[in-house]
Asker: 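The structure's right below; bear with me while I get my questions together.
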Amino acid sequence: MSEAKTERVPIMWEPSLIKKIDDYRFEQRIGARAAAVRDLVEKGLEAIENEKAGSPTTA
């Protein structure tokens with residue numbers, strides 16, 4: 001994503017979720033926790049979009 005990062009979103013996290021994010025970050029060799037969170041959010045949103053595109057439409 002090439003947009004400028006201008007918005008700040010303070011979020012409180014459970015320690016167990018932070019551990020999962022940090023584990024993902026280290027496995028993917030991502031330099032910053034914030035970058036890992038952005039990556040995970042983008043992947044999650046993409047998965048939801050793909051799921052919606054693959055599911056039958058209701059009329």
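Treat the numbers as computed from the prediction; the structure is a model and nothing was measured. Residue indices begin at 1 and follow the sequence shown.
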Asker: Quick check for you: to the nearest 0.5 Å, what is the distance between Asp23 atom CG and Lys19 atom NZ?
Answerer: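 Answer for the CG-NZ pair, Asp23 versus Lys19, is 3.5 Å.
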
Asker: Are Leu40 and Ile48 in one and the same hydrophobic cluster, where Ile, Leu, Val, Met, Phe, Trp and Tyr link if side-chain heavy atoms are under 4.5 Å apart?
Answerer: no

Asker: Going only through I, L, V, M, F, W and Y residues with side-chain contacts under 4.5 Å, is there a path from Ile11 to Ile18?
Answerer: yes

Asker: With side chains defined as the heavy atoms from C-beta onward, is the minimum distance between Lys43 and Tyr24 less than 4.5 Å?
Answerer: yes

Asker: Under a 4.5 Å cut-off applied to non-hydrogen side-chain atoms, are Val41 and Arg38 in contact?
Answerer: no

Asker: According to a hydrophobic-cluster definition based on side-chain heavy atoms being under 4.5 Å apart (Ile, Leu, Val, Met, Phe, Trp, Tyr only), do Leu45 and Ile21 belong together?
Answerer: yes

Asker: Tell me, with the steps shown, if Asp22 and Arg25 meet side-chain contact (heavy atoms from CB on, under 4.5 Å).
Answerer: CA-CA 5 Å; Asp22 285 342; Arg25 174 184 163 207; 4.1 Å; yes

